[in-house]
Amino acid sequence: MNSARTVLLVFFLACFTGSCAAVRPLSLLKMGMFSKKQHCDANGTPAAEGGDDAHASACLGDFPPQQSYWEGGSSYLLLGSGIRYFKLGFISVKVYGLAMYVEEAAARQEVSRLKGAGFFADGESSVEKMCSAISAMNCHKVVQLQLMRSISSSQFTGALADSLKPRLQGTPAYDLIPDFERFFEAKTLASGANVPIMQTANGLQLDLMPPGDTNFAGLKPQKHVDSPPFAAALYDIWLAADTPVTGAREQWADTMRRLVQEAP
């Protein structure tokens with residue numbers, strides 16, 4: 001039984017990385033087959049989860065509680081992180097880690113503004129409410145993806161494009177999807193590479209950083225998407241209830257609840 005599982009795992013990984021031309025299992029990501037995940041909170045502590053996943057998964061160690069990026073304030077606060085898995089039967093393969101950071105000083109001001117405007121007046125503190133608050137905050141945000149497996153550009157952008165299309169259908173921003181995909185064409189998304197995606201008032205700034213390069217503060221992003229609706233739609237992929245990194249939302253909500261409590 002163990003040898004059969006080993007053979008299947010080796011075959012699957014070969015296909016996953018593109019060695020098997022006839023099978024592209026990453027395309028199945030669009031079918032929503034993911035395992036549960038274990039994640040870290042803003043202090044880097046693993047979230048408590050039951051079942052085998054609590055033992056099988058470890059939180060990412062490469063997302064520090066504080067981070068600096070090329071624009072915005074000097075300190076960004078980690079809201080939380082998660083791991084996206086591809087699952088086929090009993091096999092779970094890590095695809096990428098994903099963390100969300102917010103410009104801390106501006107985010108705290110925005111939480112106070114929302115609190116003063118009655119956004120939290122109903123006392124609701126659900127995950128959905130807290131994720132809505134993240135969307136409503138007018139501050140720099142960064143989604144940082146860290147590849148945990150080498151994948152092709154089409155595999156990376158294909159699933160994102162499929163999620164963007166229904167969100168942008170019938171809007172001018174829909175026509176920006178091919179341009180977003182073209183940025184990653186002919187690029188190597190190697191294991192360990194980082195894709196920081198910053199949301200600003202004007203839209204998105206992003207880049208693909210090779211493994212080992214973590215100089216986010218000195219980065220000069222090669223890609224700009226000057227469309228706030230496009231930026232909001234892309235972030236909604238991860239903030240929405242059907243996000244492929246479901247557990248991350250709970251981590252983000254926990255940190256947001258703390259920021260609300262600390263807000264004047």
Side-chain angles (χ1 to χ4, degrees), residues 29-34 37 39 63 69 72 76-85 95-103 106-107 110-111 114 119-120 124-146 155-181 183-184 195-207 221 223-257 259-260:
L29 286 169
K30 302 167 189 177
M31 299 171 63
M33 299 193 300
F34 300 92
K37 308 147 186 82
H39 313 272
F63 294 140
Y69 290 95
Y76 279 71
L77 173 70
L78 174 67
L79 294 184
S81 63
I83 300 174
R84 182 173 182 176
Y85 286 82
V95 181
Y96 59 74
L98 184 147
M100 184 177 293
Y101 287 87
V102 291
E103 186 184 5
E110 281 298 290
V111 170
L114 292 173
F119 189 92
F120 307 105
E124 183 183 350
S125 61
S126 66
V127 171
E128 204 64 42
K129 183 76 170 184
M130 294 299 105
C131 286
S132 295
I134 294 172
S135 296
M137 291 193 304
N138 297 320
C139 63
H140 288 63
K141 309 174 189 116
V142 175
V143 162
Q144 184 179 326
L145 289 83
Q146 184 180 97
Q155 289 168 334
F156 179 73
T157 60
L160 290 177
D162 284 354
S163 296
L164 281 169
K165 287 174 182 177
R167 288 173 165 85
L168 295 174
Q169 187 71 47
T171 72
Y174 185 91
D175 296 333
L176 298 175
I177 296 176
D179 180 63
F180 174 79
E181 294 181 285
F183 172 73
F184 292 96
V195 183
I197 306 174
M198 179 181 287
Q199 183 180 21
T200 72
N202 297 322
L204 294 175
Q205 300 177 22
L206 63 139
D207 212 333
K223 182 61 180 175
H224 292 242
V225 182
D226 297 326
S227 170
F230 188 97
L234 185 64
Y235 266 59
D236 186 64
I237 294 174
W238 300 298
L239 284 165
D242 60 351
T243 174
V245 283
T246 307
R249 297 174 79 239
E250 281 69 36
Q251 292 299 305
W252 301 338
D254 284 344
T255 305
M256 285 296 298
R257 293 184 190 106
L259 293 180
V260 171

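By convention here, the first residue in the shown sequence is residue 1.
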Please report the shortest heavy-atom distance between [X] and [Y], naming the atom on each side.
X: G72; Y: Y76; value: CA-OH, 3.7 Å
X: V127; Y: A253; value: CA-CB, 3.9 Å
X: M130; Y: S125; value: CE-CA, 3.9 Å
X: A201; Y: P228; value: O-CG, 3.5 Å
X: A161; Y: E181; value: CB-OE2, 3.5 Å

For [X], side chain to side chain donor-acceptor pair (under 3.5 Å) partners two or more places apart:
X: K165; answer: none
X: Y69; answer: Q144
X: Q199; answer: none
X: E110; answer: R113

Give, for atom [atom1] of [X] and atom [atom2] of [Y], the distance between the pair rounded to the nearest 0.5 Å.
X: Q169; Y: T171; atom1: CD; atom2: OG1; value: 8.0 Å
X: H224; Y: L206; atom1: NE2; atom2: CG; value: 8.5 Å
X: S163; Y: W238; atom1: OG; atom2: CH2; value: 9.0 Å
X: E250; Y: S126; atom1: CD; atom2: OG; value: 10.5 Å
X: N138; Y: L114; atom1: CG; atom2: CG; value: 8.0 Å
X: I177; Y: F230; atom1: CD1; atom2: CZ; value: 6.0 Å

Got [X] and [Y] here, is their nearest side-chain heavy-atom distance under 4.5 Å?
X: V225; Y: F183; value: no
X: M256; Y: V111; value: yes
X: L259; Y: L77; value: yes
X: R84; Y: L98; value: no
X: K223; Y: L204; value: no
X: R249; Y: E128; value: yes
X: V102; Y: W252; value: no
X: S135; Y: L239; value: yes

**OP:** Go through the structure and list residues passing ring pair (Phe, Tyr, Trp, His ring centres under 6.0 Å) with Y235, not counting sequence neighbours.
**Re:** none
Original post:
Which residues pass the ring pair (Phe, Tyr, Trp, His ring centres under 6.0 Å) test with F119, sequence neighbours left out?
Top reply: none
Original post:
Once the angle between the rings of Y101 and F63 is folded into 0 to 90°, is it parallel (under 30°), tilted (30 to 60°) or perpendicular (over 60°)?
Top reply: perpendicular
**OP:** Applying side-chain contact (heavy atoms from CB on, under 4.5 Å) between M100 and each of T255, V245, V143, report the one that passes.
**Re:** V143
